[in-house]
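To start, the structure itself, in structure tokens.
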Number of protein chains: 2
Amino acid sequence: MPRQVDHASRRLLIAEAVCRLADERGLEGVTLRDVAARAEVSMGAVQRCFRTKEEMLVFALGHVGEQVAARVRARLIRSPAQSAATALGHAASEFALLRDEHRAEARVWLAFLAQAAISAPLAEILKTNYAALEESFTHLITTAAATPDPPIPLNPHHEARTLLALADGLTTHVLLGHLTPPEAETVLHTHLANLWTA
Amino acid sequence: MPRQVDHASRRLLIAEAVCRLADERGLEGVTLRDVAARAEVSMGAVQRCFRTKEEMLVFALGHVGEQVAARVRARLIRSPAQSAATALGHAASEFALLRDEHRAEARVWLAFLAQAAISAPLAEILKTNYAALEESFTHLITTAAATPDPPIPLNPHHEARTLLALADGLTTHVLLGHLTPPEAETVLHTHLANLWTA
DNA sequence: ATCGTTCCGATGCAGTTGCATCGGAACGAA
DNA sequence: TTCGTTCCGATGCAACTGCATCGGAACGAT
């Protein structure tokens, strides 16, 4: 066996570079040369890891999706939630990428979102991610609605969709500067609060 | 006075071409040559109307924004609303671009949204558009909340923001195929219905 | 008819792009 | 060590990009 290289970790390295570039200049500013430079590998290495540019982008999007999902999960575990309702608040707030330190991630997400409207493979990945998130939210809402006495009559699946769309919209509006992160946070939490009092 | 050309209408013609291309291939697939071909003018003509490509894109975005705003306005006038509440429902549904025939417009909107995260001039235009929409919604909500007896205690400005973000998120999710247009429509209208019963 | 101005379309150009190619370095097996 | 395989980095290349340029067509004033 000749020289062997850890492809998996190199792919991750490249995906990170793609994200940093997408954050700075948008997805159309991502070129193979720049990615290679940013990842501090040669272009040849990039080409060996991914046959085409699109393959690289698809992998990078998958990576971002996992990061977001992981953060939501981590948040749920870290604060084991006095109640499902607060857990839901934490998860939604985490997903909405409202905090400044997630601004880069949010921009990458938006860039991929727009690209997915054109590229079917990207859209497929995003759909999978959204479906998973929707299910998580549905589950939390179901629990939260059943907890109090009397239970709150809600359509969990439906509310999960609402929450997901609202969070996405808020992320976008914060990125544009139409809302500030605290404003968006307020909107999000008021919406959740209204759920339990409706 | 030598040969004169209607610049304004030509700019509109070109903006339309930009939109059709952005719908098909995304904003990064929009090149001066293709725009010229699609608008059935020469590249020279495009260059005379807009000094740079960015200037062209900015104008095109302004055009789209006006179209959307005009549709919302038209909808409000066409059905002079038995109540402010139903008027709001119509306006929001119009803005969310959920119907199939607005799919192209929604894709263009999303493409510009992503670009605006990179380009300050584009972001400026979008912010203006959103601010105007937010004010319209605020006004409608104020009226709707004051109509019944007793009045409904709401923060109109706040609810307008929520509605705007929700509509945007729904548009995105429909474009991705995560939701179908009817599903999104249901989410939107349920949210509105909950407003008046909260 | 002639002129002067405005506009047009074609072409040129330097810079980038994604991808293909290839000689040689790196490394494990013998 | 020697060989065989795998990987690497540089380079090449055709296509495409936005923008500049320019000769001439179109057209109103004279």
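Labels below follow one simple rule: chain letters A, B, ... track the order of the sequence lines, proteins then strands, and each chain is numbered from 1. Reckoned from all heavy atoms, side chains included, excluding hydrogens, waters and symmetry mates.
- Taking CD from E40(A) and CD1 from I14(A), the interatomic distance works out to 12.5 Å, rounded to the nearest 0.5 Å.
- If you check residues 25-36 of chain A against DNA chain D, the residues with a heavy atom closer than 4.0 Å are R33(A), listed by number.
- Remark: side-chain polar atoms of R107(A) are paired, donor with acceptor, to backbone N or O of D23(A) under 3.5 angstrom.
- Spacing between atom CG of L21(A) and atom C1' of dT16(C) amounts to 15 Å, rounded to whole angstrom units.
- Annotation: side-chain hydrogen bond (donor to acceptor under 3.5 Å, both in side chains) contacts of T186(B) (sequence neighbours excluded): none.
- The partner of dG15(C), taking Watson-Crick or G-U wobble pairs whose two distances both stay under 3.5 Å, is dC16(D).
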CA sep, side-chain torsions, deciding dist, call: D168(A), T171(A), side-chain hydrogen bond (donor to acceptor under 3.5 Å, both in side chains): CA-CA 5 Å; D168(A) 248 358; T171(A) 306; 4.7 Å; no
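- When rounded to the nearest whole Å, the span between CD1 of I14(B) and P of dG9(C) equals 11 Å.
- By the 6.0 Å and 45° rule, R71(B) does not stack over the aromatic ring of F95(B).
- A donor-acceptor pair is defined here as one N or O able to donate and one able to accept, closer than 3.5 Å; such a pair exists between the side chain of H189(A) and the backbone of E185(A).
- With a cut-off of 3.5 Å on both pairing distances, the Watson-Crick or G-U wobble partner of dC7(D) is dG24(C).
- Contacts of residues 38-61 of chain B with DNA chain C (heavy atom under 4.0 Å): S42(B), G44(B), R48(B).
- A donor-acceptor pair shorter than 3.5 Å can be found between the side chains of H157(A) and E134(A).
- Note that CD of E135(A) is 12.5 Å distant from CG of L164(A), once rounded to the nearest 0.5 Å.
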